[in-house]
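Worksheet: one structure, shown below.
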Amino acid sequence: MKNVLVTGGARGIGAGIVESLAQDGWNVAFSGRAEESDVIRDGVAGLREQFGIEARYYRSDVSVAEDRARLVDAVLDDFGSLNALVNNAGVAPLQRADILEATEESYDRVMNINLKGPYFLTQRVANYMVGEKKKNPKFQAAIVNICSVSATVASVSRGEYCLSKAGVAMATLLWATRLAEFGIDVFEVRPGIIKSDMTAAVTEKYDRLIADGLTLQRRWGTPNDVGRAVAMLLRGDLPYSTGQSINVGGGMEIGRL
């Protein structure tokens, strides 16, 4: 059995990823900024019972260096090894604001959580993986970044979010390039319009856009859609494709006349 860490795994897309990986037989460590609640405890127990895997939740803020260090150390202590990292933790701006009016406070918050945190968490985990690969070339290791269609589609009411995801896309290319010599694959999954708490406030808007043909497949995406894509990548189903981005957006990225 292999061990994976999923950041932001307690809800939304992250929870879909955790469930899909548990279903695939992964032992799952997942983190979030919230205190461990009865809901989270029930979820952990359910994963263990339903899939026969080990699951643990860790409270951690990826934007804080000390939290990142404690998280990785705790996972390694509890699980013994770490074969995969899924950088999923991310936030939208607290308030959608035109880029003519957006604040530095909002910019810094989004960038620290969405880009800086995953970048340096990857650095820490990658160094561990490189060390394991040097000791045992057969050690299996991979990294998946959860990006967004917003990496290339402009939304002027949440510019900081778009910039953060464009940075994640480049980080995927950088880590794939740097880690290739060690046989550590790095991928990116790029969700489109996904039904989650992040999009709950704009449900009516996207219901209308989807009905009008924004996506070729005229439905919302689900956390499970994203989770299944991550599971495919971590199974090794694309063994000759490091650095690639997988779109999970119902075809919305296809340009049309």
Are side-chain heavy atoms of N224 and E19 found at a separation under 4.5 Å?
no

What pair of heavy atoms forms the shortest contact from V62 to I113, and how long is it?
CG2-O, 3.6 Å

Return the CD to CD distance between Q95 and E101, rounded to the nearest 0.5 Å.
9.0 Å

Are N145 and V189 side-chain neighbours, meaning at least one heavy-atom pair lies under 4.5 Å?
no

Would you call E54 and R56 a salt bridge, taking side-chain N to carboxylate O under 4.0 Å as the test?
yes

Considering only heavy atoms from C-beta outward, does the side chain of I246 approach that of E188 to under 4.5 Å?
no

Are the charged groups of D207 and R219 less than 4.0 angstrom apart, N to O?
no

Enclosure of R178 CZ (heavy-atom neighbours >12, cutoff 6.0 Å)
no

Do N88 side-chain atoms and I146 backbone N/O form a donor-acceptor pair below 3.5 Å?
no

Hey, quick one: are Y57 and L121 part of the same hydrophobic cluster, counting side-chain heavy atoms closer than 4.5 Å, chains of contacts allowed?
no

Is R218 reaching over with its side chain to a backbone N or O of L216, donor-acceptor style, under 3.5 angstrom?
no

Between the NZ atom in K165 and the OG atom in S155, the distance rounded to the nearest 0.5 Å is 13.0 Å

Heavy atoms only: give me the nearest S60-S31 pair and the separation to one decimal.
CB-CB, 4.3 Å

Step-by-step side chain to side chain contact (heavy atoms under 4.5 Å, CB included) determination, V91 to R33:
CA-CA 11 Å; V91 296; R33 291 183 297 160; 3.6 Å; yes

For a quick test of reading the model, state the closest non-hydrogen atom pair linking G9 to V18 and the distance between them.
O-CG2, 3.7 Å

W26 and F51: aromatic ring centres closer than 6.0 Å?
no

In terms of hydrophobic clustering (I, L, V, M, F, W, Y; side-chain heavy atoms under 4.5 Å; direct or indirect links), are V39 and V28 co-clustered?
no

For a quick test of reading the model, state the closest non-hydrogen atom pair linking F187 to S241 and the distance between them.
CE2-O, 3.3 Å

From E66 CD over to D61 CG, what is the distance, rounded to the nearest 0.5 angstrom?
10.5 Å

Does CD in E253 sit with more than 12 non-hydrogen atoms of other residues, nucleotides or ligands closer than 6.0 Å?
yes

Honestly curious: do V144 and L82 fall in one hydrophobic cluster under the side-chain, below-4.5 Å linking rule?
no

Scanning both residues in full, the closest heavy-atom pair of M252 with L214 reads CB-O, 3.4 Å

Aromatic plane relationship, Y206 with W220 - under 30° parallel, 30 to 60° tilted, over 60° perpendicular
perpendicular

Where the side chain of R158 meets the backbone of P93, is there a donor-acceptor pair that is under 3.5 Å apart?
no

Ring pair (Phe, Tyr, Trp, His ring centres under 6.0 Å) with W175: of F120, Y119, F182, only one passes, and it is Y119

Does the side chain to side chain contact (heavy atoms under 4.5 Å, CB included) test come out yes or no for L115 and V168, once each step is laid out?
CA-CA 6 Å; L115 184 57; V168 169; 4.1 Å; yes

From I254 CD1 over to N247 CG, what is the distance, rounded to the nearest 0.5 angstrom?
9.0 Å

S20 side-chain N/O to I17 backbone N/O, donor-acceptor pair under 3.5 Å
no

Is any side-chain heavy atom of R59 closer than 4.5 Å to one of E36?
no

Is R228 reaching over with its side chain to a backbone N or O of P223, donor-acceptor style, under 3.5 angstrom?
no

To the nearest 0.5 Å, what is the distance between CD on Q244 and CG on L238?
9.0 Å

Side chain to side chain contact (heavy atoms under 4.5 Å, CB included) assessment of L76 paired with V72:
CA-CA 6 Å; L76 290 174; V72 175; 4.0 Å; yes

Is there a continuous path of hydrophobic side-chain contacts, each under 4.5 Å between heavy atoms, that joins L71 to V125?
yes

Take the angle between the ring planes of F139 and Y128 and call it parallel below 30°, perpendicular above 60°, tilted in between.
perpendicular

Can you name the nearest heavy-atom pair linking A10 to I40, along with the distance?
CB-CD1, 4.2 Å

Taking the side chain as every heavy atom from C-beta outward, state whether E105 and L94 have any atom pair closer than 4.5 Å.
no

I'd like to check I143 versus L179 (side-chain heavy atoms, cut-off strictly below 4.5 Å). Are they in contact?
yes

Donor-acceptor pair, distance only, cut-off 3.5 Å: does the side chain of T215 make one with the backbone of Q217?
yes

For T222 and D225, indicate whether the former's side chain and the latter's backbone hold a donor-acceptor pair under 3.5 Å.
yes

Please check this pair: side chain of S164 against backbone of N114, looking for a donor-acceptor N/O pair closer than 3.5 Å.
no

Side-chain donor or acceptor of S157 paired with backbone N/O of D98 under 3.5 Å
no

Does the side chain of N112 pick up a donor-acceptor pair with the side chain of S63 at under 3.5 Å?
no

Does any part of the side chain of V6, heavy atoms only, come nearer than 4.5 Å to the side chain of L85, both counted from C-beta?
no

Could you tell me whether the side chain of D78 reaches within less than 4.5 Å of the side chain of Y58, counting heavy atoms only?
yes

By the definition side chain to side chain donor-acceptor pair (under 3.5 Å), identify the one residue from N127, N87, T172 that meets it with T122.
N87

Side chain to side chain donor-acceptor pair (under 3.5 Å) assessment of N3 paired with S81:
CA-CA 7 Å; N3 308 313; S81 65; 3.0 Å; yes

Within the side chain of R190, is there an N or O that forms a donor-acceptor pair under 3.5 Å with the backbone of A169?
no

Are there over 12 heavy-atom neighbours, none belonging to K116, within less than 6.0 Å of that residue's NZ?
no

How far does CD1 of I193 sit from CD1 of I210, to the nearest 0.5 angstrom?
6.5 Å

Group every Ile, Leu, Val, Met, Phe, Trp and Tyr by side-chain heavy-atom contacts under 4.5 Å, then state whether L5 and V230 land in the same group.
no

Checking side chain to side chain contact (heavy atoms under 4.5 Å, CB included) for the pair V86/L234: CA distance, chi angles, key distance, verdict?
CA-CA 10 Å; V86 180; L234 292 186; 4.0 Å; yes

Any ion pair linking D67 and R70 (charged N to carboxylate O, less than 4.0 Å)?
yes

